Amino acid sequence: MDSKVVGILGGGQLGRMLVEAANRLNIKTVILEEGTSAPAKQINAVSEHINGSFTDPVKIRELAKKCDVLTVEIEHVDTDALKAVQKDTGVEIHPSPDTLAIIKDKYSQKQHLARGHIAVAESVSVDATECALLSVGDKFGYPYMLKSRTLAYDGRGNFVVKSKSDVKEALEALRDVPLYAERWAPFAKELAVMVVRSINGQVFAYSTVETVQKDNICHIVYAPARVSDSTRAKAQILAKDAVSTFTGAGIFGVEMFLLPDGQLLVNEIAPRPHNSGHYTIDACVTSQFEAHIRAITGLPMPNNFASLSTPNTHAIMLNVLGADKPNGELEICTRALSTPNASVYLYGKTTRPGRKMGHINIVSESMSDCERKLAYIRGEASDVAG
Ligand code: ATP
Ligand code: MG
Ligand code: MG
């Protein structure tokens with residue numbers, strides 16, 4: 001299909017699903033990740049994968065030598081090394097290293113969005129001292145959210161400062177990391193929109209979905225979001241506007257807060273495939289993974305590209321997290337396999353409590369049918385409808 005070789009920094013489940021999508025188009029992928037059994041390497045029988053860290057400039061250069069285009073499945077990469085390798089070798093990098101550098105520091109991301117007139121929760125940089133945290137409390141009131149600027153995921157790096165008496169514990173919990181603070185967003189729901197930009201700057205928004213986090217980890221995604229049509233449309237516009245402030249092609253996940261008065265704020269942006277977009281594999285014309293591969297290799301992207309498969313398509317995505325007992329999570333997978341219109345995706349990871357082991361997509365013509373099927377899969381109902 002295409003003679004370009006795509007190098008992926010990171011070899012987790014997002015890389016694995018990118019590889020699957022690329023394989024179907026005969027696009028070769030090379031993975032940079034520690035070890036030989038990373039999820040993305042398991043399903044990609046290319047001998048020249050690179051064994052090393054996506055934060056290692058030498059390894060990034062080695063990857064660039066083998067590829068025409070570099071991309072990421074994680075933003076916590078060495079962006080200075082990417083800039084240098086792009087300058088020296090001319091390898092294409094999507095999204096751009098500048099975009100990755102802004103986004104991977106969550107405070108610089110917030111400042112960038114605010115400068116671009118994108119609605120975000122107000123935030124300030126903060127020193128790691130009790131005095132500084134108390135003055136944030138004076139400014140924002142309580143609760144407020146203290147966040148690590150870097151290396152955050154699944155809420156690791158966040159601390160809710162509920163009152164003055166939490167300040168000591170907050171500093172203890174987020175020790176040795178650069179900090180910033182955000183005004184509390186008393187959201188009614190959390191929404192997300194996947195946005196993909198083509199190599200020539202055309203932007204497509206997927207449907208607005210509703211995400212439910214449990215212990216700060218994405219748990220369930222409802223597609224489309226169970227909100228009004230106008231809120232869904234507003235969220236798509238905000239997501240497209242937010243992504244348009246960045247450079248480079250590819251897929252972006254835009255997380256948003258829907259406030260009780262209907263206002264939308266961008267929470268954060270992921271410059272890569274995103275957990276809230278896994279439903280697209282079964283519910284959309286093009287999956288987020290194929291969209292990314294097509295965008296970064298300059299393949300065609302027709303105008304219904306990001307649409308739901310049909311106007312009536314409804315979907316629920318359930319994350320499969322490692323159970324307390326090893327492999328206990330396979331129980332819900334087995335029930336999903338016996339459920340009409342449900343698909344199971346496992347990531348080839350060693351079982352560990354709370355670890356993202358896979359996900360399940362349920363697709364139907366109504367959300368209530370998806371919900372009935374979800375109840376069965378989760379063991380809350382004894383039989384499955386339909
Ligand atoms: P991810 O795995 O999505 O990258 P993360 O570690 O970067 O997560 P955030 O997305 O910043 O963390 O926050 C995790 C969750 O914490 C959000 O989905 C939301 O539920 C809650 N949260 C974050 N910021 C705020 C805020 N300012 N006000 C209220 N709740 C918040
Ligand atoms: Mg994040
Ligand atoms: Mg988040």
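The model shown is predicted, which means the values in this text are computed figures rather than measured ones. Just follow the structure's listing: the first ligand is 1, and inside any ligand the first atom is 1.
Of the protein's non-hydrogen atoms, the one nearest atom 22 (N) of ligand 1 is M145 CE, 3.4 Å. At the shortest separation from atom 30 (N) of ligand 1 among protein heavy atoms lies F187 CE2, 3.6 Å. The single protein non-hydrogen atom nearest to atom 24 (N) of ligand 1 is K147 NZ, 3.0 Å, given as residue, atom name and distance. The protein heavy-atom contact nearest to atom 2 (O) of ligand 1 is D154 N, 2.6 Å. Scanning the protein for heavy atoms near atom 10 (O) of ligand 1, the closest one is E268 OE2, 2.8 Å. Nearest to atom 25 (C) of ligand 1 among the protein's heavy atoms is F257 CZ, 3.5 Å. Protein heavy atom nearest atom 27 (N) of ligand 1, with residue, atom name and distance: E182 OE1, 2.9 Å. In this structure, the protein non-hydrogen atom closest to atom 29 (C) of ligand 1 is A185 O, 3.4 Å.
Under 4.0 Å from ligand 1, not a single heavy atom of T211 appears. Only the side chain of N267 comes within 4.0 Å of ligand 1, counting heavy atoms alone; its backbone N, CA, C and O stay farther away.
Between E34 atom CD and N51 atom CG the span is 6.5 Å, to the nearest 0.5 Å. Atom CG of L32 is separated from atom CZ of R61 by 13.5 Å, given to the nearest 0.5 angstrom.
Nearest heavy atoms, A22 versus T29: CB-CG2, 3.7 Å.
With ring centers used as reference points, Y347 lies 6.0 Å or more from Y345. Under the 6.0 Å cut-off for aromatic ring centres, F289 and H278 qualify, their centroids lying closer than that. Between Y153 and H76, the ring center distance fails the sub-6.0 Å criterion.
Ordered by chain and number, E255 OE1, E255 OE2, E268 OE2 make up the set of protein N, O or S atoms under 2.8 Å of the Mg ion (ligand 3).
Atoms of ligand 1 lying under 4.0 Å from at least one heavy atom of N158, given by number and element, are 9 (P), 11 (O), 12 (O), 13 (O), 14 (C), 16 (O). Here is the list of ligand 1 atoms found below 4.0 Å of a heavy atom in Y153: 2 (O), 6 (O). Atoms of ligand 1 found under 4.0 Å from any heavy atom of E255, numbered from 1 in the order shown, are 3 (O), 10 (O). Distances below 4.0 Å separate heavy atoms of N216 from the following atoms of ligand 1: 14 (C), 15 (C), 16 (O). Here is the list of ligand 1 atoms found below 4.0 Å of a heavy atom in R183: 27 (N). Close approach of ligand 1 to K106 is summarised as follows: ligand atoms under 4.0 Å from at least one heavy atom of the residue are 5 (P), 7 (O), 9 (P), 11 (O), 12 (O).
A donor-acceptor pair under 3.5 Å is absent between the side-chain atoms of D56 and the main chain of G52, judged by distance alone. Here the side chain of E33 pairs a donor or acceptor atom with the backbone of G11 at under 3.5 angstrom. One N or O on the side chain of H94 and one on the backbone of A249 form a donor-acceptor pair closer than 3.5 Å. Of the possible donor and acceptor atoms, none in the side chain of R16 sits under 3.5 Å from a partner among the backbone N and O of I43. No donor-acceptor pair under 3.5 Å is formed between the side chain of R232 and the backbone N or O of S207.
Taking all heavy atoms of E190, E122, Q213 into account, the minimum distance to atom 19 (C) of ligand 1 is reached by E190. When the heavy-atom distances from atom 6 (O) of ligand 1 to G155, G253, A121, A181 are ranked, the shortest goes to G155.
For the pair H274 and ligand 1, the shortest N or O to N or O distance does not fall below 3.5 Å.
Note: F140 and Y144 have perpendicular aromatic rings, judged against thresholds of 30 and 60 degrees for the angle between ring planes.
Annotation: side-chain hydrogen bond (donor to acceptor under 3.5 Å, both in side chains) contacts of R149 (sequence neighbours excluded): D105.
In summary, of the residues considered (E371, Q213, R378), a side chain to side chain contact (heavy atoms under 4.5 Å, CB included) with I220 occurs for R378 alone.
We find that E331 and K325 are joined by a salt bridge, their nearest charged nitrogen and carboxylate oxygen being less than 4.0 Å apart.
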